[in-house]
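What follows is a single structure, written as structure tokens, with notes after it.
First the proteins, then the strands, lettered A, B, ... as listed; each starts at 1.
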Number of protein chains: 2
Amino acid sequence: MNEHLLKINSIIEQLDGDTLGALGAVSKIKTYKKGDFLLYQGEVCRYGFWIESGIARKFYLNENKELTTELLFENDLAVAFSSYVTQQPSQEFIQAVTDVRVSSIDNSSFQRIKGQFSALMELDLLMTEYYTMWLEKRLFDFHTLDASTRYSQLLRDQPNIIQQVPLTYIASYLGISLETLSRVRAKIKY
Amino acid sequence: MNEHLLKINSIIEQLDGDTLGALGAVSKIKTYKKGDFLLYQGEVCRYGFWIESGIARKFYLNENKELTTELLFENDLAVAFSSYVTQQPSQEFIQAVTDVRVSSIDNSSFQRIKGQFSALMELDLLMTEYYTMWLEKRLFDFHTLDASTRYSQLLRDQPNIIQQVPLTYIASYLGISLETLSRVRAKIKY
DNA sequence: TATGGCATTTGACTTAAGTCAAATAATCAG
DNA sequence: CTGATTATTTGACTTAAGTCAAATGCCATA
């Protein structure tokens, strides 16, 4: 799965000038302040947000509770996938967790140039595959690991996340209540 | 999301003779008896299985319990996605729930012809997108719906599934114990 | 059509995590 | 610095679903 990232990077590095030019022409740098929304629920996700710096999160509301579906860091792509693909209203919000700088890519323009530059089609596929494998793992983890193990694993894989992201978001990302997270942390802390 | 299926079908219908020929050359009809395994855990998923008839399921083992990750019917594609994409050993089994007839497509050959026929690259992307949206919905449902609601929804969306698939598989597909499913059914039954 | 083997249901009890409420702790503006 | 606001922890109780064990139902075949 990590090898897949290398594949993606290698494709990106090998993009020719024309393709890069076309890509540049449909992208635009934007900045958001901490707390700002890159996308609201109900809006169509018309842009893919490539994160240049900062942290963002995707979440949705369920019974007045936020559920964070993804935490996004530098060089991650933030999109409300289903909305982006179907161009139907999004269930999800995308929000800046810190100040954020993104390169935003217009979906319809990207669709167009994908037909002209086959490397982009391949890139799109590879990135979608990566997200899909990530989703499969997330689903798997929810079924096989308890709250405490999911937290330990997050700590192991992204140890710095705790300093950068408030516990409320971590808890909702792990699919547990803030109180449960607090109790889990009390036990694990060394 | 259903519109996405139409898109996929329209691409399939518009495939030219050359592409279809290439596709046919890398596919092979196979049949399996009820209970047979199309793929074992630990094996690399070298084939995509397009189901011509019958029912299959994907599942993995966790603490000696089976967890069904997907139920597959006619015109579904059965693959252990992560294994198929990375060509690493699969966590999942694929098993025939009834007698099954599949058109199996060799992964490495498909990768090759994908580079030659761009419609196939696009088709691959569209089908991956469809699976990804399905996964997102599944994850969403697990977080937002209780056992009983998930069952009712399955009943609503695929009412005939109950006659065709043993309750053990349904339960594990819904991520609940067989006993809980039985209790849920006792209440809902009209 | 009797019987052994699955499939399904029912019962009694356990458990992980949630909820609600209150207490601390940390942070930040003035 | 200081109070106010927000973040985090702790406590007491509830709940959805799991577990283990036993009972019942449903066949397929010999």
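- In this structure, CG on A:Asn2 lies 6.0 Å from OH on A:Tyr130, to the nearest 0.5 angstrom.
- The backbone N or O of A:Leu174 sits less than 3.5 Å from a side-chain atom of A:Arg150, completing a donor-acceptor pair.
- Within the helix from C:dT1-D:dA30 to C:dG30-D:dC1, the inter-axis angle between the opening and closing five-pair segments is 40°, rounded to 10°.
- The CD1-C1' distance, from A:Ile162 to D:dT9, rounds to 16 Å in whole Å.
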| request: Please step through ring-ring contact (aromatic ring centres under 6.0 Å, His included) for the pair B:Tyr47 and B:Tyr84, ending with a clear verdict. | output: CA-CA 7 Å; B:Tyr47 302 96; B:Tyr84 185 79; 9.0 Å; no
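- Counting to the nearest Å, the C1' atom of D:dT8 and the OH atom of A:Tyr169 are 15 Å from each other.
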| salt bridge (Lys or Arg N to Asp or Glu O under 4.0 Å) between B:Lys114 and B:Asp124: does it pass, once the steps are laid out? | CA-CA 8 Å; B:Lys114 231 169 54 176; B:Asp124 195 357; 2.9 Å; yes
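- Checked against the 6.0 Å centroid criterion, the rings of B:Phe142 and A:His143 qualify as a close aromatic pair.
- Considering only residues two or more places apart in sequence or on other chains, A:Phe37 meets the ring-ring contact (aromatic ring centres under 6.0 Å, His included) condition with A:Tyr40, A:Phe93.
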| task | May I have the step-by-step check of side chain to side chain donor-acceptor pair (under 3.5 Å) for B:Ser83 and B:Ser90, ending in yes or no? | result | CA-CA 5 Å; B:Ser83 173; B:Ser90 167; 4.7 Å; no
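- Between the P atom of D:dC26 and the CG atom of B:Leu167 lies a distance of 13 Å, rounded to the nearest Å.
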| How does each nucleotide of nucleotides 11-30 of chain C score, in 5' to 3' order, for protein heavy atoms under 4.0 Å: base (B), sugar-phosphate only (S), or none (-)? | BB----SSBB----------
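- Ring geometry, B:Trp134 versus B:Tyr131: the interplanar angle falls under 30°, so the pair is classed parallel (tilted spans 30 to 60°).
- C:dT9 atom C1' lies 10 Å from atom CZ of B:Arg185, rounded to whole Å.
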